[in-house]
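A quick write-up on the structure given underneath.
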Amino acid sequence: MRKLDVTIDRFPIAGKFTIARGSRTEAVVVTATIGEDGAAGRGECVPYPRYGETVEGVAAAIEALRPQIEAGLTREALQSAMPAGAARNAVDCALWDLDAKRSGIRAHVTAGVNRWPPVTTAYTISLDTPEAMAEATARAAERPILKVKFGGPGGDLERIAAVRKAAPDATLIADANEGWTRENLAAHLAACADAGYALVEQPLPAKEDEFLRGIDRPVPILADESVHDRPSLDRLVGLYDVINIKLDKTGGLTEALALAEAAEARGFSLMIGCMVGTSLAMAPAMVLAPRARFVDLDGPLLLAKDREPGLTYEGSIVYPPLPALWG
């Protein structure tokens, strides 16, 4: 007999995490645990207000599915039982973990991933004044990949240059979180190209990104808020070069794997990304890391305290999870 447990957990952020839409000082996550025959599978999700989600609403959505989950709901049936989003992610990843615990077969093997090596993750620099961002960048300049938040009121041209000056050797990814406009886009893309940025992520609001179809792009452009799951993909051909796959958007590892395959078939490169969560949220995303051009799974590095056990980070190198954590 299966047993579902749903909890809301809080993890303080080290300092403050700021993007174009606001700041946070803690990560509030929903954890689903599914027990069966002495084994327990866990999944974590991060509800995101940008997509109309609340912590309470996501927890309630999982609770509403309790009868089906405890009756033996499969991952395949889950895909139609819940829409894509954070709630389905927690349940889907818990079912993956439960299957691995019960069978003794690691989740990456079940997913068809034969090699699961450590990978290099990007590290996030929060949005702030140009001076403060330069100082934060200098402290992280030894990290090989930095993902830098832009989109604040004024000053992004100065921020773009200041960050590059503070980290002359790092690979830089500019993430505007929908914070730029049609009017300033060309200037910001040119500034990123001049400063040697590798990617620009979601420069325009998702509802306005058709504008990207006709522009010169001196830097490759990455979709984040514009891409969720496979139904959202076809419209993006010709608009973006890379897509950011996040399990909280796809609704779990099952759809994320299918989205990755569909995206590659359409010529997109991949980034594997995350919300700000614990190692339990990063672990399933690690299954996709071997096929990604960029990995952005630094959530635990931004926390004052992670779950235990957590993922192992050595600088920006992150290792696949041990079974005690997930999968």
Side-chain angles (χ1 to χ4, degrees), residues 13-20 23 117-180 184-204 212 215-224 240-244 269-274 276 282 289 292-303 311-319:
I13 291 172
K16 182 170 64 174
F17 180 78
T18 302
I19 66 172
S23 299
V119 294
T120 300
T121 179
Y123 180 80
T124 301
I125 303 297
S126 283
L127 178 64
D128 208 322
T129 65
E131 296 77 15
M133 291 180 71
E135 291 175 7
T137 300
R139 292 193 296 270
E142 79 286 354
R143 295 183 181 272
I145 306 173
L146 299 177
K147 183 173 175 180
V148 189
K149 297 293 187 178
F150 297 110
D156 274 351
L157 296 179
E158 291 78 13
R159 293 180 181 106
I160 289 166
V163 167
R164 169 50 81 197
K165 184 177 180 180
D169 299 323
T171 296
L172 299 180
I173 300 167
D175 185 3
N177 284 116
E178 304 181 283
W180 293 345
N184 66 28
L185 178 62
H188 285 123
L189 291 179
C192 287
D194 290 344
Y197 281 64
L199 283 176
V200 170
E201 182 170 358
Q202 198 69 44
L204 299 178
L212 298 174
I215 68 165
D216 292 329
R217 54 184 73 212
V219 182
I221 300 179
L222 165 68
D224 181 3
Y240 296 95
D241 308 291
V242 188
I243 68 164
N244 190 344
S269 297
L270 305 181
M271 173 186 280
I272 306 305
C274 66
V276 182
M282 308 301 121
R293 173 67 181 86
F294 291 99
V295 174
D296 179 25
L297 297 177
D298 66 339
L301 297 177
L302 307 177
L303 300 177
L311 292 172
T312 296
Y313 289 84
E314 293 180 355
S316 291
I317 303 297
V318 54
Y319 289 80

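This is a predicted model, so every value here is computed, not measured.
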Correct closest heavy-atom pair for L301 and G315 would be CD1-O, 4.2 Å

Please say which of V163, L146, I173 ends up in a side chain to side chain contact (heavy atoms under 4.5 Å, CB included) with Y197. V163

Can you measure from CD1 (I272) to OG1 (T121) and round to the nearest 0.5 angstrom? 11.0 Å

Between M282 and V318, is there a side-chain heavy-atom distance shorter than 4.5 Å? no

Start with the C-alpha distance between V242 and R293, add both sets of side-chain angles, then the distance that settles side chain to side chain contact (heavy atoms under 4.5 Å, CB included), and finish with yes or no. CA-CA 9 Å; V242 188; R293 173 67 181 86; 5.7 Å; no

Taken to the nearest 0.5 Å, the spacing of T171 OG1 from F294 CZ works out to 6.5 Å

Flag, side chain of N244 to backbone of G273, donor-acceptor distance under 3.5 Å: yes

Distance col, row L204:CG vs L185:CG, nearest 0.5 angstrom, shows 5.0 Å

Run the side chain to side chain contact (heavy atoms under 4.5 Å, CB included) check on L303 and V276 step by step: do they pass? CA-CA 8 Å; L303 300 177; V276 182; 4.1 Å; yes

Can you tell me how far NZ of K149 sits from CG of D156, rounded to the nearest 0.5 angstrom? 12.5 Å

Using a 3.5 Å distance criterion without hydrogens, assess whether the side chain of R217 forms a donor-acceptor pair with backbone atoms of L212. yes

Please list every donor-acceptor pair under 3.5 Å in which a side-chain atom of residues 125-138 meets a protein atom from a residue at least two apart or in another chain.
unit_1, atom_1, unit_2, atom_2, d
S126, OG, T18, N, 3.2
T129, OG1, A132, N, 3.1
T137, OG1, M133, O, 2.7

Donor-acceptor under 3.5 Å (R143 side chain, A122 main chain): no

Is there a donor-acceptor pair closer than 3.5 Å between any side-chain N or O of E201 and the backbone N or O of P203? no

Does R164 use its side chain to pair, donor to acceptor, with the backbone of G196 at less than 3.5 Å? yes

To the nearest 0.5 Å, how far apart are CG in L157 and SG in C192? 9.0 Å

Minimum heavy-atom separation for L189 to V219, with atom names? O-CG2, 3.9 Å

Can a salt bridge be assigned to the pair D298 and K147 using a cut-off of 4.0 Å between side-chain N and carboxylate O? no

Side chain to side chain contact (heavy atoms under 4.5 Å, CB included) between D296 and T124, worked out: CA-CA 8 Å; D296 179 25; T124 301; 4.2 Å; yes

Any idea which heavy atoms bring W180 and V200 closest together, and the distance? CZ3-CG1, 3.7 Å

Hey, are the side chains of I215 and I221 touching, using non-hydrogen atoms and a 4.5 Å cut-off? yes

About how many Å separate OH of Y123 and CD1 of I145, when rounded to the nearest 0.5 Å? 14.5 Å

